Amino acid sequence: MLIIPAIDLRKGRCVRLAQGNTRDETVYSREPVSIAKLWQLRGAKLLHIVDLDGAITGKPKNLDVVSQIVKAVRIPIQFGGGVRSLEIIEEVFKKGVDKIILGTSAYNSIELVKEAYKSYKDKILVSIDAKDGYVAIKGWRDVTNKKAITLAKEIIEIGIKTIIFTDIKRDGMLCGPNFKSIKDIATAVDINIIAAGGISTLANVENINAMEKYGVTGMIIGKAIYTGAIDLKEAIKTSASPVPANKKHRKRKYKKNKSPKDKK
């Protein structure tokens, strides 16, 4: 199970929001590069960076900072926030990030996801952010009438291998994840799930680690590692505990639904 520290960027600073609300912002550092180096030093194997300004405005606003982080660390970086066109995808990859996360664009334009996946394959991830089971977009400001599980099923038809799933009611609240919603989406689709939102104790880490048998392969931790509620080293150590062999979930190869014509 992979533990992934989150770095949320707003106006060039490292911040955390409560449920995505920009009016409930805590600034943890004005030096995001230093934070990235710290999480690397404490054992992180991957960084999750989100451009909050980009998520709200529709275009990344902190790519200079992202470029600085890329140059300062040796570990891979996955990036999202305002990535809503092939041109922006290309621009972001030129900054040196390893994977790009599509969120709002996955809801607004399945065709964009298809084109991105066609060009970049497994370097493209999809983020599904949900409130009460329904997809939220545009920096979580708009809640749609599409269920998260419905969108997830559409995504796997494209070939995407990994979905980042966030319950936004829990994000930044230090109240524990919505384990039921994580399990529901993980069991509904045969795809790797990275869980996010509300992870605030080592017990939470252990519980999500146990969900590996359902296809949960990683978890993103944000506020808890900034406040000290979770020690990153301890979380990584905890997540390294293997799932008992008889409980491991073996992913079957996903087959697209065939039309009657295909079956003949």
Side-chain angles (χ1 to χ4, degrees), residues 1-10 15-22 24-25 46-52 54-56 78-83 99-108 113 124-144 146-156 160-189 191-201 204-205 207-208 211 214-226 230 235:
M1 181 74 67
L2 193 60
I3 300 291
I4 311 168
I7 297 177
D8 288 355
L9 300 174
R10 188 162 185 257
V15 308
R16 296 301 299 169
L17 306 181
Q19 298 179 332
N21 188 347
T22 55
D24 193 353
E25 174 189 271
L46 173 67
L47 293 177
H48 175 79
I49 300 180
V50 175
D51 187 326
L52 295 176
I56 294 169
Q78 60 186 36
F79 172 86
V83 184
K99 295 186 178 183
I100 287 178
I101 305 161
L102 302 180
T104 296
S105 54
Y107 171 83
N108 285 335
V113 182
I124 301 296
L125 312 180
V126 167
S127 177
I128 298 180
D129 307 318
K131 183 176 183 180
D132 297 322
Y134 290 87
V135 177
I137 60 174
K138 298 180 180 178
W140 303 352
R141 292 187 171 190
D142 296 344
V143 179
T144 72
K146 176 170 284 191
K147 289 187 176 180
I149 288 176
T150 300
L151 179 57
K153 289 179 177 180
E154 294 173 359
I155 292 303
I156 61 175
I160 298 291
K161 300 297 190 300
T162 302
I163 288 175
I164 298 170
F165 176 72
T166 304
D167 186 312
I168 66 177
K169 273 192 169 182
R170 304 299 181 99
D171 193 76
M173 302 304 291
L174 295 179
C175 61
N178 185 333
F179 295 109
K180 182 180 184 302
S181 67
I182 296 169
K183 181 180 177 181
D184 285 348
I185 199 164
T187 54
V189 293
I191 192 171
N192 296 325
I193 301 295
I194 296 175
I199 301 169
S200 54
T201 66
N204 293 162
V205 173
N207 287 336
I208 293 179
M211 297 175 80
Y214 303 120
V216 180
T217 58
M219 65 188 91
I220 295 169
I221 306 180
K223 191 172 184 177
I225 58 174
Y226 288 89
I230 291 179

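When reading the values below, keep in mind they use all heavy atoms of this one structure, side chains included, and skip hydrogens, waters and symmetry mates. If you're wondering where the values come from, they're calculated on a predicted model, not measured in any experiment.
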Quiz item: Which residues satisfy the salt bridge (charged side-chain N to carboxylate O under 4.0 Å, His left out) test with Lys161, sequence neighbours excluded?
Solution: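 Here the qualifying residues are Asp122.
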
[X] vs [Y] side-chain heavy atoms within contact, under 4.5 Å:
{"X": "Ile208", "Y": "Phe179", "result": "yes"}
{"X": "Val83", "Y": "Ile101", "result": "no"}
{"X": "Thr217", "Y": "Leu2", "result": "no"}
{"X": "His48", "Y": "Ile164", "result": "yes"}
{"X": "Gln78", "Y": "Ile220", "result": "yes"}
{"X": "Val205", "Y": "Met1", "result": "no"}

How far apart are the closest heavy atoms of [X] and [Y], and which atoms are they?
{"X": "Ile185", "Y": "Phe165", "result": "CD1-CD1, 3.6 Å"}
{"X": "Arg16", "Y": "Ala6", "result": "NH1-CB, 3.7 Å"}
{"X": "Ala130", "Y": "Ala148", "result": "CB-CB, 3.9 Å"}
{"X": "Ile182", "Y": "Pro177", "result": "CD1-CB, 4.0 Å"}
{"X": "Gly176", "Y": "Asn204", "result": "CA-OD1, 3.6 Å"}

Interatomic spacing from [atom1] in [X] to [atom2] in [Y] - rounded to 0.5 Å:
{"X": "Ile163", "Y": "Ile155", "atom1": "CD1", "atom2": "CD1", "answer": "6.0 Å"}
{"X": "Asp51", "Y": "Ile7", "atom1": "CG", "atom2": "CD1", "answer": "12.5 Å"}
{"X": "Ile149", "Y": "Ile128", "atom1": "CD1", "atom2": "CD1", "answer": "9.5 Å"}
{"X": "Ile49", "Y": "Leu46", "atom1": "CD1", "atom2": "CG", "answer": "9.5 Å"}
{"X": "Asp8", "Y": "Leu52", "atom1": "CG", "atom2": "CG", "answer": "4.5 Å"}
{"X": "Ile193", "Y": "Asp184", "atom1": "CD1", "atom2": "CG", "answer": "11.5 Å"}

Quiz prompt | ring pair (Phe, Tyr, Trp, His ring centres under 6.0 Å) partners of Tyr107, counting only residues at least two apart | solution =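 If we apply the ring pair (Phe, Tyr, Trp, His ring centres under 6.0 Å) test to Tyr107, skipping adjacent residues, there are no hits.
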
Quiz item: With a cut-off of 6.0 Å (strictly less than), are more than 12 heavy atoms of other residues, nucleotides or ligands near NZ of Lys146?
Solution: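 Above 12, so yes.
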
Exercise. Under the side chain to side chain contact (heavy atoms under 4.5 Å, CB included) rule, what do Ile4 and Met219 come out as? Steps first, then yes or no, please.
Key: CA-CA 6 Å; Ile4 311 168; Met219 65 188 91; over 6 Å; no

Practice problem: Kindly write out the residues that satisfy side-chain hydrogen bond (donor to acceptor under 3.5 Å, both in side chains) with Ser105, not counting sequence neighbours, or none if the list is empty. | Solution: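 Counting only residues at least two positions away or on another chain, Ser105 forms no side-chain hydrogen bond (donor to acceptor under 3.5 Å, both in side chains).
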
Quiz item: Are Asn108 and Thr104 close enough that a side-chain donor and a side-chain acceptor fall under 3.5 Å?
Solution: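 Side-chain D/A pair, Asn108 to Thr104: absent.
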
